[in-house]
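In what follows, a single structure is set out as structure tokens and then discussed.
Just so it is clear, the structure is predicted and the values come from calculations on it, not from any experiment.
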Amino acid sequence: EGCPDSPLWLRHPNICSMIGCPDTARNKRSTEGCAEVELVINMAIKFCLHNIFSGSVSFTRAEIENCGKQLDTTIVDTEDDFEMIDENGDGVLTVEEWKQFEGC
């Protein structure tokens, strides 16, 4: 069954056993909003190369692109999107920046 209330790519039968389904009841933003963001972040942390930058989990643009290929999905659409999310412009996308951008 996977995560039945999630986008199609998250409905793989083993996905919840690997990373857990999002708790959509606590995400007031929207089912597809914070729940999907949390799920993608958790998948990226568990399965993709990342860094610990200033005490926070973070990803470079190249790591985000490679992670998307590895997970067979688009994580951040374009370089412009990455730069918009990268609030301080240091070329490193932290989980905190990502969540703040998404309103989570």
Side-chain angles (χ1 to χ4, degrees):
E1 303 251 340
C3 301
D5 295 328
S6 297
L8 186 60
W9 67 274
L10 295 174
R11 295 182 191 170
H12 186 276
N14 297 323
I15 202 77
C16 287
S17 64
M18 292 189 294
I19 61 171
C21 288
D23 180 4
T24 57
R26 68 185 171 93
N27 293 310
K28 303 298 183 206
R29 186 171 179 262
S30 75
T31 303
E32 289 96 32
C34 291
E36 184 175 349
V37 169
E38 289 285 338
L39 203 51
V40 170
I41 289 170
N42 288 337
M43 288 177 69
I45 291 170
K46 286 190 178 196
F47 299 111
C48 300
L49 182 63
H50 60 278
N51 301 291
I52 304 296
F53 184 74
S54 299
S56 298
V57 174
S58 60
F59 300 87
T60 64
R61 176 70 181 148
E63 289 168 340
I64 289 284
E65 287 178 4
N66 290 333
C67 188
K69 290 175 187 173
Q70 186 176 340
L71 299 175
D72 195 28
T73 190
T74 300
I75 296 177
V76 176
D77 290 325
T78 67
E79 181 74 28
D80 289 340
D81 291 341
F82 184 89
E83 290 174 4
M84 188 170 30
I85 298 169
D86 180 18
E87 196 173 276
N88 62 2
D90 64 357
V92 177
L93 179 62
T94 66
V95 169
E96 290 78 15
E97 286 174 322
W98 197 348
K99 287 180 178 180
Q100 183 174 344
F101 177 80
E102 295 291 344
C104 299

Take the angle between the ring planes of F59 and W98 and call it parallel below 30°, perpendicular above 60°, tilted in between.
-> perpendicular

Residues which pass salt bridge (Lys or Arg N to Asp or Glu O under 4.0 Å) with E96, listed by chain and number, not counting sequence neighbours = none

Salt bridge (Lys or Arg N to Asp or Glu O under 4.0 Å) filter on K99, not counting sequence neighbours, yields E38

Do V57 and I41 have side chains that get closer than 4.5 Å, going by heavy atoms?
-> no

Side-chain heavy atoms of L93 within contact of V76, under 4.5 Å = yes

By side chain to side chain donor-acceptor pair (under 3.5 Å), which residues pair with N66, not counting sequence neighbours?
-> none

So, does [X] use its side chain to make a donor-acceptor pair with the main chain of [Y] at under 3.5 Å?
| X | Y | result |
| --- | --- | --- |
| E87 | E97 | no |
| T74 | D77 | no |
| D86 | D90 | yes |
| Q70 | F47 | yes |

Looking only at heavy atoms, what is the nearest atom pair of [X] and [Y], with distance?
| X | Y | answer |
| --- | --- | --- |
| C67 | I75 | SG-CD1, 3.6 Å |
| F101 | M84 | CE1-CG, 3.8 Å |
| V37 | E102 | CG2-CG, 3.5 Å |

Transitively linked via ILVMFWY side-chain contacts under 4.5 Å: L49 with M43?
-> no

Would V95 and I45 count as a side chain to side chain contact (heavy atoms under 4.5 Å, CB included) if you check the C-alpha gap in whole Å, the side-chain angles of each, and the deciding distance to 0.1 Å?
-> CA-CA 10 Å; V95 169; I45 291 170; 4.2 Å; yes

Just how far is it from atom [atom1] of [X] to atom [atom2] of [Y], taken to the nearest 0.5 Å?
| X | Y | atom1 | atom2 | answer |
| --- | --- | --- | --- | --- |
| N51 | T94 | CG | OG1 | 11.5 Å |
| I64 | D81 | CD1 | CG | 11.5 Å |
| C48 | E63 | SG | CD | 9.5 Å |

Step-by-step salt bridge (Lys or Arg N to Asp or Glu O under 4.0 Å) determination, E65 to K69 | CA-CA 6 Å; E65 287 178 4; K69 290 175 187 173; 5.5 Å; no

